[in-house]
Amino acid sequence: MPELPEVEVVRRRLLTCLPGLVVRDVRVHDATVCDLPEDELRRTIAGRRVLGLRRRGKYLMIDLGEPVAAGRLLVVHLRMTGQLLFRPEPRGRPARFVITFDPSTELHFYDMRRFGRLWSLDPRDEEAFFAALGPEPFSAAFDVAYLRRALAERRAPLKAFLLDQRRIAGVGNIYADEALFRARLNPLRAAGTVGPREAQRLHAALLETLQAGIDHEGSSIESFIDPAGRRGSFQEILNVYQRTGEPCRVCGTAIERVVVGGRGTHYCPRCQPRRGGIAPTARRARPTGPAGKRDARGAPPATRGAECG
DNA sequence: AGTGGCTCCTGGCGGC
DNA sequence: TGCCGCCAGGAGCCAC
């Protein structure tokens with residue numbers, strides 16, 4: 001699942017190729033992917049030059065400039081299985097959309113589960129579009145004081161708190177589980193019971209875990225590959241995520257799995273003890289079997305996508 | 001307002 | 001062997 005680190009890896013890869021190129025055309029093969037009809041989308045972006053690439057939480061932004069002074073902002077969310085690829089090998093299903101650039105570069109969007117989305121925005125609407133998103137983890141706004149305020153008096157489990165994009169932008173299921181393990185905090189703890197020192201640990205753990213994800217070029221658990229078709233390696237050093245029943249790398253205790261907020265949640269019951277009150281709603285879930293099983297499922301072989309189209 | 005739960009969507013997999 | 005139903009999850013939406 002593309003989370004902040006995976007989207008950041010995609011952004012950095014696109015940054016080596018796209019800036020300076022001009023949008024020649026866009027073809028939409030799945031009308032549900034975009035907020036605009038194909039012809040209207042084309043009208044808003046064709047002829048424009050790529051000025052830069054930004055990221056906000058799990059959203060990727062492509063800044064488009066001339067010839068119209070006001071510019072345009074393309075926003076992509078990969079959701080569960082979205083992939084942006086430079087002119088990949090032909091596949092069974094067509095790309096959901098394809099953007100072609102001059103000189104000859106193609107960017108294809110594949111998305112098995114069709115949750116991914118594309119928006120073409122007036123840049124003046126950017127603030128409103130992202131208004132509900134919490135602070136960027138690597139920004140100055142996300143400091144320990146902010147985290148403590150955000151946690152205060154929340155009855156929701158810590159895991160649900162971390163997944164709430166209104167509180168912190170960009171954290172998803174994998175990095176939430178891994179950050180809680182690193183912070184030695186139980187995912188079922190009510191967020192409001194976290195003390196000052198624990199909040200400090202959680203803040204540090206979030207930044208360290210997300211940075212490790214970026215350094216390892218993302219987690220290729222479901223289907224993540226970068227625009228050049230390369231897999232990340234963070235899945236190889238996971239401590240708890242999808243390691244149900246396997247020994248904790250620190251203490252050897254079997255990793256447990258529960259469902260919190262409808263999401264599979266993995267933790268070490270010894271390293272992440274249930275101190276400080278458990279949020280009432282989490283229920284125990286059946287194990288999903290040995291970790292690694294899902295690595296094989298749906299993770300396509302790294303394609304030989306051209307580096308820059 | 002805060003919180004939980006349902007829905008979308010698809011391919012893989014277990015069970016019968 | 002083949003079919004059916006369950007499962008995974010990001011985020012929007014709705015109900016309480």
Side-chain angles (χ1 to χ4, degrees), chain A residues 1-7 10 29-35 55-60 75-83 91-96 109-119 128-134 149-178 187-193 218-224 235 238 240-244 257-266 277-301:
Chain A
M1 301 129 274
E3 305 180 22
L4 184 154
E6 287 74 28
V7 179
V10 170
H29 302 293
D30 177 0
T32 64
V33 78
C34 186
D35 63 328
R55 180 190 54 72
R56 183 77 174 88
K58 303 172 192 173
Y59 294 85
L60 179 74
V75 180
V76 181
H77 198 305
L78 305 175
R79 293 281 179 95
M80 290 290 295
T81 54
Q83 299 172 333
R91 296 187 172 194
R93 289 177 177 277
R96 304 291 171 190
F109 181 74
Y110 288 91
D111 187 16
M112 186 181 76
R113 288 184 205 172
R114 301 176 66 193
F115 285 166
R117 289 291 178 266
L118 169 71
W119 297 265
F129 186 83
F130 294 113
L133 267 191
R149 284 196 306 274
L151 288 163
E153 294 174 28
R154 295 253 180 287
R155 288 176 299 138
L158 269 176
K159 174 62 180 287
F161 171 87
L162 292 181
L163 293 181
D164 188 341
Q165 302 299 297
R166 294 170 300 179
R167 313 295 171 208
I168 310 165
V171 178
N173 213 31
I174 300 171
Y175 294 92
D177 280 8
E178 293 297 314
L188 304 178
R189 278 272 296 274
T193 68
S219 309
S220 293
I221 290 180
E222 283 272 342
S223 57
F224 173 72
Q235 71 279 4
L238 293 174
V240 289
Y241 185 75
Q242 288 192 350
R243 294 192 64 240
T244 310
R257 180 179 187 275
V258 292
V259 172
V260 185
R263 297 292 170 258
T265 297
H266 314 75
I278 300 301
T281 52
R283 66 183 167 85
R284 199 164 283 271
R286 285 175 302 176
T288 49
K293 198 172 75 176
R294 286 166 55 80
D295 285 44
R297 190 241 297 182

Among all residues two or more places apart in sequence or in another chain, which pass the salt bridge (charged side-chain N to carboxylate O under 4.0 Å, His left out) test with A:Arg56?
-> A:Glu136
With sequence neighbours left out, what residues match A:Arg166 under salt bridge (charged side-chain N to carboxylate O under 4.0 Å, His left out)?
-> A:Asp164
Please check if the side chain of A:Glu6 supplies one atom and the backbone of A:Gly218 the other of a donor-acceptor pair under 3.5 Å.
-> no
Counting distance only, does the side-chain N/O of A:Asp177 pair as donor-acceptor with the main-chain N or O of A:Tyr241 below 3.5 Å?
->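 The answer is no, because no donor-acceptor pair under 3.5 Å joins these two groups.
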Mind checking ring pair (Phe, Tyr, Trp, His ring centres under 6.0 Å) for A:Tyr59 and listing every partner two or more places apart, or none if nothing turns up?
-> A:His77, A:Trp119, A:Phe129, A:Phe130
How far does the helix from B:dG2-C:dC16 to B:dC16-C:dG2 bend, going by the axes of its first and last five pairs, to the nearest 10°?
->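 Angle reported: 60°, given to the nearest ten degrees.
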Among all residues two or more places apart in sequence or in another chain, which pass the side-chain contact (heavy atoms from CB on, under 4.5 Å) test with A:Pro5?
-> A:Glu3, A:Tyr175, A:Leu210, A:Ile214
OP1 or OP2 of C:dG9 under 4.0 Å from side-chain N/O of A:Arg263 =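 Result: no.
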Tell me whether the OP1 or OP2 atom of C:dG9 has a side-chain N or O from A:Tyr241 closer than 4.0 Å.
-> yes
Value in whole Å for how far the P atom of C:dA11 lies from CZ of A:Phe161 |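 Distance check: A:Phe161 CZ to C:dA11 P gives 15 Å.
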Under 3.5 Å, is there an N or O donor on one side and an acceptor on the other linking the side chain of A:Arg113 and the base of B:dG11?
->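 Looking at the base of B:dG11, it does not pair with any donor or acceptor on the side chain of A:Arg113 (distance under 3.5 Å).
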Kindly give the atom pairs (protein nitrogen or oxygen, nucleotide nitrogen or oxygen) under 3.5 Å for nucleotides 14-16 of chain C.
none

